[in-house]
Amino acid sequence: IFILTLFANSLFAQTNIDSLEALLPQKKELEKVNLLNDLSYAYWGVNADKGIEYANKALEIATQMDSKKDIAKAIGNVAINHWAKSEFNLALENDIKALKIYEEINDLEGISVICTNLGTVYLDLFDYENALKYDFKSLKISQEQGLNDVYILTLSNISSIYLEQKNYAKALEYIQEAIEFSEKHNIKIDLASQLTTLGEVYKLQENYNKAQTSYKKALSIFKKDKNSFGTAVSLYNIGDTEYHLKNYTSASNYFEESL
């Protein structure tokens, strides 16, 4: 599942954090709020407690300045960091608060992003009905507003929900749509993850050759991006398909390389 993020690679996140923190003493008022929110968002995959700390600082200043959009963003960042700690009920509570504020000020992008994140949280709570409800709400808004990154990620999330429900035909439909849209608009964010999901759908359908093709495409992207975790996962996945295809020597080589 892909909660909205541009900081999936922890090394990249740490680089951003260092540069953002260096700017913090220079900023005041809303500029400082924006930077604190950016830091909170950057920290969720690195140190979620620190992410919550920065979000609460942003929330305090934004509340003093009565900036509704920044208040909602800070609360949304609190939610993301709680989600990263697997504190799903706290994530849910804060996402709902943020959504209400975005709806009050009719911020459609904010509504779309939070609805996608709510879909992720509800999936982790095994509430598939609400997960789909919020994801489809986000999908409609993001498509109408031209929010392509949100649209792609929401398609991927919907696919993952159907995958959990073992509805492989629907899972395949939505992940293929996400990949086709990404390639058509030359949007590279999370394409490797989408290809991995596609491979997983094919594997569960016991179509191991197609699964392997998808995993190899994902591997190529992860290697190009120097994403060591994604590379290791892809190598393991390819090894797993080789094992199912009874190519045991090749499978063993891929498993060994993934370590």
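- Between Tyr236 and Tyr254, a ring centre-to-centre spacing not shorter than 6.0 Å is recorded.
- Thr120 and Asn157 share a donor-acceptor pair across their side chains, judged by distance under 3.5 Å alone.
- Remark: side-chain polar atoms of Asn117 are not paired, donor with acceptor, to backbone N or O of Ile80 under 3.5 angstrom.
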Kindly indicate, with the supporting measurements, whether the criterion side-chain contact (heavy atoms from CB on, under 4.5 Å) is fulfilled by Asn253 and Glu257.
-> CA-CA 6 Å; Asn253 290 337; Glu257 193 180 350; over 6 Å; no
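- Salt bridge present: Glu144 and Lys140 bring a charged side-chain N and a carboxylate O closer than 4.0 Å.
- To the nearest 0.5 Å, the span separating CG on Asn186 from CG on Leu191 amounts to 9.5 Å.
- No hydrogens or angles considered: nothing links the side chains of Thr196 and Asn237 as a donor-acceptor pair under 3.5 Å.
- Between Lys100 and Glu104 there is no salt bridge, since none of the side-chain N atoms of the basic residue sits less than 4.0 Å from a carboxylate O of the acidic one.
- Between Ile101 and Lys68, the closest heavy-atom pair is CG2-O, 3.5 Å.
- With salt bridges taken as basic N to acidic carboxylate O contacts below 4.0 Å, none links Lys170 and Glu177.
- Relative ring orientation between Tyr134 and Tyr122 is described as parallel, the plane-to-plane angle staying below 30° on a 0-90° scale split at 30° and 60°.
- Using modelled atom types, one side-chain atom of Asn227 and one backbone atom of Phe229 make a donor-acceptor pair closer than 3.5 Å.
- Here the straight-line distance linking atom CG of Leu125 with atom CG of Asn89 works out to 5.5 Å at 0.5 Å rounding.
- Atom CG of residue Asp190 and atom CG of residue Leu195 lie 11.0 Å apart, to the nearest 0.5 angstrom.
- Contact check on Glu60 versus Lys57 returns no salt bridge, with no Lys/Arg side-chain nitrogen under 4.0 Å from an Asp/Glu carboxylate oxygen.
- Between the side chain of Ser220 and the backbone N or O of Lys217, no donor-acceptor pair lies under 3.5 Å.
- Within the 3.5 Å criterion, the main-chain N or O of Ala178 finds a donor-acceptor partner in the side chain of Ser182.
- Between the side chains of Ser112 and Gln145, no donor N or O sits under 3.5 Å from an acceptor N or O.
- At least one donor-acceptor pair under 3.5 Å links the side chain of Thr154 to the backbone N or O of Val150.
- Listed for the Asn47 side chain is no donor-acceptor partner under 3.5 Å among the backbone atoms of Tyr43.
- Side chains of Trp83 and Asp124: a donor-acceptor N/O pair is present below 3.5 angstrom, by distance only.
- Legend: residues meeting salt bridge (charged side-chain N to carboxylate O under 4.0 Å, His left out) with Glu87, ordered by chain and number and at least two apart, are Lys85.
- Taking the six-membered ring where the residue is Trp, Tyr128 and Phe126 present perpendicular rings, their angle passing 60° and hence far from 30°.
- For residues 28-37, the set of pairs meeting the side-chain hydrogen bond (donor to acceptor under 3.5 Å, both in side chains) definition, not counting sequence neighbours, comprises Asn37-Asn77.
- A donor-acceptor pair shorter than 3.5 Å cannot be found between the side chains of Tyr168 and Glu173.
- The distance from the CD1 atom of Ile141 to the CD1 atom of Ile111 is 5.5 Å, given to the nearest 0.5 Å.
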May I have the step-by-step check of side chain to side chain donor-acceptor pair (under 3.5 Å) for Glu200 and Tyr215, ending in yes or no?
-> CA-CA 9 Å; Glu200 193 68 15; Tyr215 291 144; 3.1 Å; yes
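- Without hydrogens or angle criteria, Thr241 side chain to Ile238 main chain gives a donor-acceptor distance under 3.5 Å.
- Residues near Val78 contribute nothing to a hydrophobic cluster around it, because no ILVMFWY side-chain heavy atom sits closer than 4.5 Å to its side chain.
- Judged purely by distance below 3.5 Å, without hydrogens or angles, the side chains of Ser250 and Asn247 never pair a donor atom with an acceptor atom.
- Remark: the Ser159 side chain and the Thr197 side chain contain no N/O donor-acceptor pair separated by less than 3.5 Å.
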